[in-house]
Amino acid sequence: MENKENYITFIMEDGKKEDCKILFTFKSEEFNHNYVVFQTPNDEVSACIYVPTEGGQGTIEKIESDEEWEIVNDAYNQYLDSLENGCQGSCASCSGACSCDEECNCGK
C-alpha cells in the first residue's frame, strides 16, 4: 500500500476497515463544503463531504443532493482531463511540466 496519508479509512457496518485511495480533494464555494474523491479497493470512484475538526482527523458526511453530485462529477472530469495532460493527479508529480489549469499549485 502507498503512503497511508493518501488513503481514507472507512469502518463498514460489519466492523471491517476499508482503505480507499484519495484521488483528490476540493472545496466548493457554492455549498461551502470540502470534498474528498476516492477510489475503493474494487476500483469504484466515490466521494464524501469532509468536515474538519479541531483534532485534525475530521469527520465525513454523505453527499445528499443531486446538485452537489453534479459539482463532484464536474471536478472528477477535470481530474481525468489533468491526468491526460500529464498531471498524474498530483501537482507535486508534474513539477510544473503539465498543462494544468489555474487551480493547480504546481508552480507553473
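- Judged purely by atom type and a 3.5 angstrom limit, N42 has no side-chain atom pairing as donor or acceptor with the backbone of E44.
- Between F38 and F10, the ring centre distance stays below 6.0 Å.
- The shortest distance between side-chain heavy atoms of I60 and V36 does not fall below 4.5 Å.
- Side chain of W69 to backbone of E64: no donor-acceptor contact under 3.5 angstrom is found.
- Between P52 and N34 there is a side-chain heavy-atom pair separated by less than 4.5 Å.
- Proximity of I49 to K62: side-chain heavy atoms (C-beta onward) are nowhere separated by under 4.5 Å.
- The shortest non-hydrogen separation linking V37 to V72 is CG2-CG1, 4.2 Å.
- For the pair Y76/V45, a side-chain contact is recorded, criterion being any heavy-atom separation below 4.5 Å from C-beta on.
- How far CG of N6 is from CG of L23: 10.0 Å, rounded to the nearest 0.5 Å.
- The minimum heavy-atom distance linking C20 with T40 is given by the pair SG-CA, 3.8 Å.
- Under the 4.5 Å side-chain criterion, counting only non-hydrogen atoms from C-beta, T9 is not in contact with E18.
- Under the 3.5 Å distance criterion, with hydrogens and angles disregarded, no donor-acceptor pair is assigned to the side chains of D74 and Q78.
- The distance from the CD atom of E68 to the CG atom of D66 is 10.0 Å, given to the nearest 0.5 Å.
- The aromatic rings of H33 and Y35 sit perpendicular to each other, their planes meeting at more than 60°, with 30° as the lower class boundary.
- Using a 4.5 Å heavy-atom threshold, the side chains of E67 and F31 count as touching.
- Inter-residue side-chain proximity for I71 and F26 is flagged as met; some heavy-atom pair is nearer than 4.5 Å.
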